[in-house]
Amino acid sequence: MATTIDLPTDFSESYLIFQKYPRFIVSSAAYGPALWGLRERLNRKKTLLFTENPDDVVIPVREIQKNAQGRFEISKRNLLSEEKLKDWLGDTYRRDPKNHAKFVGALATRPDPQCRFIALAPLEMTRDCLLRILTYHQVMPTYIDFLLVYGAEEEDRELRYNAFRTRTTFVNPEPGNIIPDLNRSGRQHEICYNLKAVAPKDPTKSQFVKNRWRIRQSAVYHRLDLGTGSALWIIADPREAVKKIVGEILPEGLVPRGFAFDSFPESFSSSLDTHLALAQWASDEWRWHLQSLEETIDNLTRPALLFDDSNSLQPRIRPRAVTRVQEYEDKVNEAVMVMESNIKIMKSLLSSYKTLIEDPDFPSAEVAACGKPLKRFSTRMAEFIYDLQTQVDRGMILSKIAKDRKNIVLQQAQMHTAARQERLADSMWQFAERGQKEAIAMRTVTIITLIYLPPTFVSTFFSTDVIKYQDNGEDQVYFSRNALNSFLYVTIPLWAITLLVVTFYYKWESWRREQRARGLLSHDPDVVEYWEKHSSSTTDTNDHAEPRSFAQHIFGKEPKPVP
């Protein structure tokens, strides 16, 4: 049966206006004017972070608390609406249906479990759902900066964001955070950080394809109550990879061996084990990602390393290969950057807990009990850091190799381009030589024709019966219209026939020139680009097109491509 919990006034006032988070949280004085900037940034990204459809709300939660037999048990559920979220939190505060000016119920009716996990996924909750969760648990406002990663238009650019925030309250906690009925002592250790992991986009594919591997990141918030040992985890993880990991280490049912929450040292140890599970997720697949990049770069640059001018079957090195090598070099540098950021986060996480234990306000009776799990945590975290550093060194070497090979590819491409230009110049010289000879011949014929054409036409015309000279002593000239008409009747068709013959001859010579050019192109494929650019023919000159017949050339038709 739900019972009313006595809440501090500061907490009640903050929770009643949860839509204004983080401006009026209980510990707002510790953050000052920065809260306005956080709220403004959250509002700017609300269309990319939240759904406006209440039916799309899905909030997976997992809790650890004692059952009727006094044993800790793990339960999970999905909250599919804001009303379900309120009921899950124990918030029964609603307007009185009989009098809308009054409210009935209580803001809190159930204490916090010993451990609680909340999974956040952008676009699967409304803005009010998120602000209600953050306000009810009084989450440190800087967690908003971690959530804004998922509000970026290009999430890949946000891979460069790397941050670690912590806040510890040992003594003099804010009165609004001291809620014994909610299992909150106000003395707490809070941590915000982000970790990044790499995973195949499609693990079922065996071949290496472009952009197969993708880097994903999660934003983690953890609070450990230093008085009661209760723990809260809020993890933003759109691909649910971390949610799956938590489900594997803490499956539904009785708490597995290795996790315990009966005392503060046990809760402390369980929190460290959860951090280790997240660190392992962030360090597992980098070895295989770098191996994939190594193979891809090697395949792209191998033709350049084996380049042999004397081998006619040597594959061509295209300029595009340079940009592709640069693309994968950037991926290597990106992987190195992300792994280095994970190393910094892990070191900061380890340092945070060491500082916590060494703090003079930490309960001296629990230092020894917490020191053993911390030592184990330090050893395991050092292993993850070492593994990541090894992959960072490997990535830096691979980046240098990619850079050197890119220079080799660029040099080979330049050499190949120079050779192509030389062959192209030779081929164009042959075309120019033939054209020059034909031009000389045509100019000679034209000059001779121009010299003889006027007298030939005059002598021919005056030898007809159109105009006749009679030497009968009077030097008379006779003009015959019938003879002129007969001359035109015969001449005009001959002109038409002559034009057809000339056109036919021109087409014939053009077709022959095309065939000769095609034969030259078959021996020197580097001339193809120049031919397609400068030739008036639209015929495809690649190896998959049939040559045009003379009939197709006359009617301007293209041959059907060979299937």
Side-chain angles (χ1 to χ4, degrees), residues 22 27 30-31 34 38 41-42 115-122 130 133-134 137-152 155 157-169 188-198 215-226 231-243 245-246 249 268 270-284 286 337-357 373-374 377-378 380-385 387-389 392:
S27 57
Y31 297 94
L38 290 170
R41 289 196 291 273
L42 183 64
C115 185
R116 170 176 285 170
F117 291 88
I118 303 176
L120 304 181
L130 175 66
I133 291 173
L134 299 182
H137 297 96
Q138 293 294 302
V139 174
M140 58 192 305
T142 50
Y143 187 56
I144 290 178
D145 278 333
F146 295 86
L147 295 179
L148 293 180
V149 167
Y150 306 105
E155 185 179 333
R157 290 187 176 272
E158 289 296 329
L159 292 174
R160 302 170 187 172
Y161 179 73
N162 178 46
F164 182 89
R165 302 285 185 270
T166 182
R167 184 170 185 260
T168 304
T169 303
Q188 57 193 20
H189 180 59
E190 295 180 280
I191 297 176
C192 287
Y193 62 89
N194 56 350
L195 284 175
K196 307 175 185 71
V198 67
I215 298 175
R216 305 300 186 190
Q217 62 177 314
S218 62
V220 181
Y221 169 81
H222 174 57
R223 184 183 70 207
L224 178 65
D225 195 293
L226 301 177
L232 170 67
W233 294 86
I234 301 179
I235 302 175
D237 174 32
R239 275 76 186 180
E240 298 187 343
V242 178
K243 173 191 168 186
I245 293 173
V246 173
I249 63 175
F268 180 81
S270 297
S271 292
L272 295 182
D273 289 341
T274 306
H275 285 303
L276 287 176
L278 297 178
Q280 184 172 0
W281 166 75
S283 58
D284 265 350
W286 292 105
M337 175 196 69
V338 172
M339 288 188 290
E340 287 180 338
S341 71
N342 282 346
I343 290 174
K344 293 178 181 178
I345 292 296
M346 294 178 186
K347 289 182 178 180
S348 298
L349 188 60
L350 180 58
S351 175
S352 172
Y353 278 100
K354 287 183 177 180
T355 303
L356 177 68
I357 293 294
L374 180 61
F377 175 75
S378 177
R380 290 290 310 279
M381 193 64 73
E383 292 175 357
F384 295 141
I385 293 174
D387 290 343
L388 281 176
Q389 187 60 54
V392 166

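Side-chain atoms are counted along with the backbone in the values below, which use heavy atoms only and exclude waters and symmetry mates.
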CA sep, side-chain torsions, deciding dist, call: Asn342, Lys196, side-chain contact (heavy atoms from CB on, under 4.5 Å): CA-CA 7 Å; Asn342 282 346; Lys196 307 175 185 71; 4.1 Å; yes
- request: Compare all side-chain heavy atoms of Val220 with those of Leu195 and state whether any distance is below 4.5 angstrom.
  value: no
field: Partners meeting ring pair (Phe, Tyr, Trp, His ring centres under 6.0 Å) with Trp281 (sequence neighbours left out)
entry: none
message: Measuring from atom CE of Met381 to atom CG of Leu349, what distance do you get when rounded to the nearest 0.5 angstrom?
response: 5.0 Å
task: Please lay out, stage by stage, how His222 and Thr274 fare under the test side-chain contact (heavy atoms from CB on, under 4.5 Å).
output: CA-CA 10 Å; His222 174 57; Thr274 306; over 6 Å; no
- request: Could you check Trp233 against Leu278 for side-chain contact (heavy atoms from CB on, under 4.5 Å), going step by step and ending with a plain yes or no?
  value: CA-CA 12 Å; Trp233 294 86; Leu278 297 178; 4.1 Å; yes
Spacing of Leu120 atom CG and Lys243 atom NZ [to the nearest 0.5 Å]: 11.5 Å
- request: Could you go through the side-chain contact (heavy atoms from CB on, under 4.5 Å) check for Leu350 and Phe384 one step at a time?
  value: CA-CA 12 Å; Leu350 180 58; Phe384 295 141; over 6 Å; no
message: Would you say that Asp387 contacts Ser283 through its side chain, given a criterion of any heavy-atom pair below 4.5 Å between the two side chains?
response: no
- request: Look at the side chain of Ser218 and the backbone N and O of Ala236, then say whether any donor-acceptor pair between them is shorter than 3.5 Å.
  value: no
- request: Taking the side chain as every heavy atom from C-beta outward, state whether Leu272 and Arg380 have any atom pair closer than 4.5 Å.
  value: no
- request: For Tyr31, check ring pair (Phe, Tyr, Trp, His ring centres under 6.0 Å) against everything at least two apart and list the hits.
  value: none
statement: So CE of Met346 and OG of Ser341: to nearest 0.5 Å the spacing works out to 9.0 Å
task: Please examine the side chains of His137 and Ile118, heavy atoms only from C-beta on, and report whether any two atoms are closer than 4.5 Å.
output: yes
- request: Please name all residues satisfying ring pair (Phe, Tyr, Trp, His ring centres under 6.0 Å) with Tyr143, sequence neighbours left out, ordered by chain then number.
  value: Tyr221
field: Side-chain touch Leu134/Ile234, heavy atoms, less than 4.5 angstrom
entry: yes
field: Listed partners of Asp145 passing salt bridge (Lys or Arg N to Asp or Glu O under 4.0 Å), at least two apart
entry: Arg41
- prompt: Can you find a heavy atom in the side chain of Tyr193 that is under 4.5 Å from one in the side chain of Ser348?
  reply: no
task: Supply the atom-to-atom distance Asp225 CG to Cys115 SG, rounded to the nearest 0.5 angstrom.
output: 12.5 Å
- request: Please answer whether the main-chain N or O of Ala119 pairs with a side-chain N or O of Asp237 as donor and acceptor at a distance below 3.5 Å.
  value: no
- prompt: Does some side-chain heavy atom of Phe377 sit less than 4.5 Å from a side-chain heavy atom of Asp273?
  reply: no
- request: Supply the atom-to-atom distance Tyr161 OH to Gln217 CD, rounded to the nearest 0.5 angstrom.
  value: 9.5 Å
query: Which atom pair, heavy atoms only, marks the closest approach of Glu190 to Gln138?
result: OE2-O, 3.8 Å
- request: Kindly write out the residues that satisfy ring pair (Phe, Tyr, Trp, His ring centres under 6.0 Å) with His189, not counting sequence neighbours, or none if the list is empty.
  value: Tyr353
With sequence neighbours excluded, residues passing side chain to side chain contact (heavy atoms under 4.5 Å, CB included) with Ala30: Arg167
query: Taking C-beta and beyond as the side chain, do Ser351 and Thr355 meet within less than 4.5 Å on heavy atoms?
result: yes
